[in-house]
Asks: 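Quick one: the structure is below, questions incoming.
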Amino acid sequence: MTTKEIQNPLINFLLHLGDNALILGHRNSEWCGHGPVLEQDIALTNIALDQIGQARNFYQYAAKLISETSGEKITEDSIAYLRDGWDFKNCLLTELPNGHWGQTVLKQFLIAAYQYYLYQVLEKNSEEQLSAIATKSLKEISYHLRWSSEWVIRLGDGTDDSKQKILDALEIVWPYTNELTNFTDYEIEIIGDTYKNIKDNWIEKVYVVLTEAGLEIPSTVYNHNGGKQGNHTEHLGYILTEMQFLQRAYPNSEW
Amino acid sequence: MGINLEEQFQQKIDQEIKIEPKDWMPQKYRHTLIRQISQHAHSEVVGMLPEGNWISRAPSLKRKAILLAKIQDEAGHGLYLYSAAETLGISRDEMYEQLHSGKAKYSSIFNYPTLTWADMGAIGWLVDGAAILNQVPLCRTSYGPYARAMIRVCKEESFHQRQGFESLLVLSKGTEDQKRMCQEAINRWWWPCLMMFGPPDDQSPNTIQSMQWKIKRFSNDELRQKFVNMIAEQIKILGMTLPDPDLEWNEETMQYDFGKINWEELKQVIQGNGPCNKERMDARRKAWNDGEWVRDAANAYAAKHSKQL
């Protein structure tokens, strides 16, 4: 299936929100069984599980809307497993490789801080279903934000080595952060001019946490964008190849 | 004095009074428990790897969530068990050290590969099924912290077993390819699962003492037979077969007879020559070594900030 031609801003927004959650959840789940401490392995797996759950909620809602307009039977799984990369609307930051633990928690922090303010706006949205999903997700995201902030601070203010590692990670991921708050038409259509507050709140939160970690916001001049419109990095293709393998190799099967 | 303590200890055991961390206990009881509980904890943690192999490829979002939650439960079991072992005077770092050096063992079953999606179902149904039979009696084991940890573990394990069976049931009703996946997974996991109960009773060096101390309550062969009886019935619902031509109901014993187990294979796997021993240990060591700077940073941060308080 493809969702490329869909013009409905709500559906596109739901796909974007679901794709962000799924792809970040996929990346986080790569740590399962490989974390630096057992408790943290559990914590990050739990976050991945929340994100897969959020993706399912957004996709189920999108699937209902797409089915109603197209007459085809679309499910959460056809959205996740049967679209190609150009249909995915996740931010590029979610698909970047995990790198080391510091890079992973930093990515998670930057995205959770954005989701934390975005979902507070979505909670007040007049679309009842969207608002309900946001309320449920916000509880989880508050924890993701707290957990990842603590790690960024701990690594920034830990040893010289950990500080250097988190600085290196910041250089790598920062050029991808602008896309989070670089709102597209389909987002603005749904959230209106509240997007400006999200951007301000996000940068404020990032500043506070990085400062406590003894880090500075990098002075990057170039930003990578495109994920929200389906123009991705090379990494997404490999994520999808792996994720969609069974559905592609054995089409039309029940699992 | 020593004899008295030992007698008192055995009396407690005989009266089904739990032994608690601060109670006197024979050194050998302590060491047996440390060996057994840490081995069990290591099995939970190493056991995350073969299933973790399919998280990124789970065929539906629902199955992906179920699999993630299951592996997370296993990590949780590892945590309770490491904590139970710590009450006996060994640290978690020491136990990891023993695992990474090869001194401590973990269940051989996790040295087998997960080759298809059906292996996730087979592990839930067969591996967790065998583990439950081993573990349910441990809820009444004589050492209090171990028994209490096992009560929580068993509740979650029986849930996993039902989930595993259910996922195989879906495959067994699916396409020809899915049926084949299901049957092949059962074929590959069956014999290694029978080995999970340990060597035959007449070759099990630790059984007699462990039974006397009520660390163990059933012998390896008793539990193995129970497992065969259970699975031989359940597999009928799947419409699949077990890969044993000698499997047959015996009217006299009212049990299933089954074929000879290849004990040489178990010996080889325990010695490190199973299909995935190296991968599993490499993955554990890599996680530990790669995480060192993270643990150092967390400790350094905690030390700095506790001084400021």
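Chain naming here is simple, since letters A, B, ... match the order of the sequence lines and numbering starts at 1 in each. Only this structure's heavy atoms are used, side chains among them; waters, hydrogens and symmetry mates stay out.
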Asks: Please classify the contact between A:H26 and chain B as side chain, backbone, both or neither, with a heavy-atom cut-off of under 4.5 Å.
Replies: side chain
Asks: If you count heavy-atom pairs under 4.5 Å between each of A:L155, A:D161, A:V37 and chain B, which one has the most?
Replies: A:L155
Asks: Distance under 6.0 Å and angle within 45° of the ring axis: does B:R152 meet both against B:Y80?
Replies: yes
Asks: Ring-plane angle category for B:W54 and A:F245, please: parallel below 30°, perpendicular beyond 60°, tilted otherwise.
Replies: tilted
Asks: Is it the backbone or the side chain of B:L171 that comes under 4.5 Å from a heavy atom of chain A, or both, or neither?
Replies: side chain
Asks: Would you mind telling me which of B:I71, B:L49, B:L79 has the largest number of heavy-atom pairs within less than 4.5 Å of chain A?
Replies: B:L79
Asks: With a 4.5 angstrom heavy-atom cut-off, is it the side chain or the backbone of A:Q247 that approaches chain B, or both, or neither?
Replies: side chain
Asks: Need one label for A:K163: side chain, backbone, both or neither, based on atoms under 4.5 Å from any heavy atom in chain B.
Replies: neither
Asks: Answer yes or no: is there a donor N or O on one side and an acceptor on the other, between the side chain of A:D157 and the main chain of A:I153, under 3.5 Å?
Replies: no
Asks: At a 4.5 Å cut-off on heavy atoms, which part of A:I52 comes close to chain B: side chain, backbone, both, or neither?
Replies: side chain
Asks: Please tell me whether A:Q164 and A:D160 have a donor and an acceptor in their side chains that are separated by less than 3.5 angstrom.
Replies: no
Asks: So what's closer than 4.5 Å to chain A heavy atoms on B:K62: side chain, backbone, both or neither?
Replies: both
Asks: Hey, does the Lys NZ or Arg CZ of B:R285 hover above the aromatic six-ring of B:W288, less than 6.0 Å from the centre and inside 45° of the axis?
Replies: no
Asks: Between B:Q72 and A:T45, do the side chains contain a donor N or O and an acceptor N or O under 3.5 Å apart?
Replies: no
